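See structure below.
A quick note: this is a predicted structure, and the numbers were derived from the prediction, not measured. The sequence lines fix the lettering, A, B, ..., with proteins before strands; numbering per chain opens at 1.
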Number of protein chains: 2
Amino acid sequence: MRTPNHLDETLLALADPTRRAILQRLAAGETRVTELAQPFAMSLNAVSKHIRVLERAKLVHRRREGREHLLSFTPKPMDEAARWMEAQRSNWTTRLQALDDLLQEEDRVASASAPPHPKGPTR
Amino acid sequence: MRTPNHLDETLLALADPTRRAILQRLAAGETRVTELAQPFAMSLNAVSKHIRVLERAKLVHRRREGREHLLSFTPKPMDEAARWMEAQRSNWTTRLQALDDLLQEEDRVASASAPPHPKGPTR
DNA sequence: TCGATATTCAACCCAAAGGTTGAATGATGC
DNA sequence: GCATCATTCAACCTTTGGGTTGAATATCGA
């Protein structure tokens, strides 16, 4: 029973060049499906599927106007993704990594000075 | 012939909760494979595969020390991803979207005032 | 009413992702 | 040397992803 969360869907949707290109196009404004599909070397159906993936991730919103479907970019889900990444980055750069590096460095120095063997008595 | 670029691999690697958890753990410091795998309800082999995906995306670096492999977090690829997202966001918020909205608004107003039918003579 | 246009639905294909189990490799410690 | 531990390799299975083609649906324009 896989229950993918928002991040899963967002990042998965973004992990495809076609879909990123679609988003890029949409960032310039609302576009119809056919118009959107035109530059790609694949069937309209294929693009339609990509759009559904983007919709599932809520990165794209669809507005029906007669027979044409107008798609627009919704940046909100990307905020969450960006925030996750930033959290990782900061979590890494700050104290924890520094501390870890320091401890390792101490270990290395200690085991290099005490016994003549470079393979220290770690762990 | 699919030639996935960096972003593909990075985002694909991040689009899995197990792998994100692994990165989160690694952000707290270098860790052995077995130790890393322990909290997960899956085989060691499965985790090993996840690690390979993260390595392929260069989000994780492996350092062999005797029989144990020490893994560490490498944030660089995430920078590129974050930059792409930021570019999208800004590309969307600025002028282009504003212009598009403006034009649409004008269209809507024009078609709402001239004919009594709300369905305007658009396009 | 009718033909063209915009889009999806449905069925299928193939490759890749994520998982399993079992065996292989390689360092470690007596 | 030998059992043990850390890790990967190899083969397999099932689900999903990305693509195709062909038919269905719905709106438009005349």
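- The side chain of Val53(A) has dG18(D) as its nearest neighbour among dG19(C), dG18(D), dT8(D).
- At whole-Å resolution of the value, CZ in Arg67(B) and P in dC2(D) are 19 Å apart.
- Which of dC9(C), dG19(C), dA10(D) sits closest to the side chain of Arg52(A) comes down to dC9(C).
- Both Val47(A) and Leu12(A) sit near DNA chain D, but only Leu12(A) has its closest nucleotide nearer the 5' end.
- Atom-to-atom, CD1 of Ile22(B) to P of dG18(C) comes out at 11 Å; the value is rounded to the nearest Å.
- Minimum atom distance to the side chain of Lys49(A) is reached by dG19(D), of the listed dT21(C), dG19(C), dG19(D).
- Listed pair Arg19(A) / dG17(D) fails the phosphate criterion, with no side-chain N or O lying under 4.0 Å from OP1 or OP2.
- Straight-line distance from the CG atom of Asp8(B) to the P atom of dA16(C): 14 Å, rounded to whole Å.
- For Ser43(B), a side-chain nitrogen or oxygen approaches OP1 or OP2 of dT20(C) to under 4.0 Å.
- A straight line from CG of Leu54(B) to P of dG18(C) spans 10 Å, rounded to a whole angstrom.
- With rounding to whole Å, Glu65(A) atom CD is found 12 Å from dT27(D) atom C1'.
- Side-chain atoms of Asn45(B) and base atoms of dG22(C) include a donor and an acceptor less than 3.5 Å apart.
- Between dT8(C) and His69(A), a contact under 4.0 Å exists linking OP1 or OP2 to a side-chain N or O.
- Atom pair Phe40(B):CZ and dG19(C):P shows a separation of 10 Å (rounding to whole Å applied).
- Residue Leu44(A) is in base contact, counting any heavy-atom pair closer than 4.0 Å across all strands shown.
- Not one side-chain nitrogen or oxygen of His50(B) sits closer than 4.0 Å to the OP1 or OP2 atom of dG18(C).
- In the hydrophobic cluster analysis, where Ile, Leu, Val, Met, Phe, Trp and Tyr join through side-chain heavy atoms closer than 4.5 angstrom, Leu12(B) is grouped apart from Leu54(A).
- Distance alone, capped at 3.5 Å, is enough to place a donor-acceptor pair between the Arg20(A) side chain and the Leu14(A) backbone.
- Nearest to the side chain of Met42(B), among dA6(C), dT20(C), dG19(D), sits dT20(C).
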Item to check | side chain to side chain donor-acceptor pair (under 3.5 Å) between Arg64(B) and His69(B), intermediate numbers included | outcome: CA-CA 5 Å; Arg64(B) 245 138 301 203; His69(B) 297 202; 4.5 Å; no
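- If you measure from atom CG of Asp16(A) to atom P of dA15(C), you get 18 Å, rounded to the nearest angstrom.
- What separates CG of Leu70(B) from P of dT8(D) is a distance of 11 Å, to the nearest Å.
- Ion pair Lys58(A)/Glu9(A) not flagged as a salt bridge, since none of the NZ, NE, NH1 or NH2 atoms sits closer than 4.0 Å to an Asp/Glu carboxylate oxygen.
- Ion pairing of Glu30(B) with Arg63(B) is present here, as a side-chain N (NZ or NE/NH1/NH2) and a carboxylate O approach within less than 4.0 Å.
- Taking for each of Arg56(B) and Ala41(B) the nucleotide of DNA chain C with the nearest heavy atom, the 5'-most of the two is the partner of Arg56(B).
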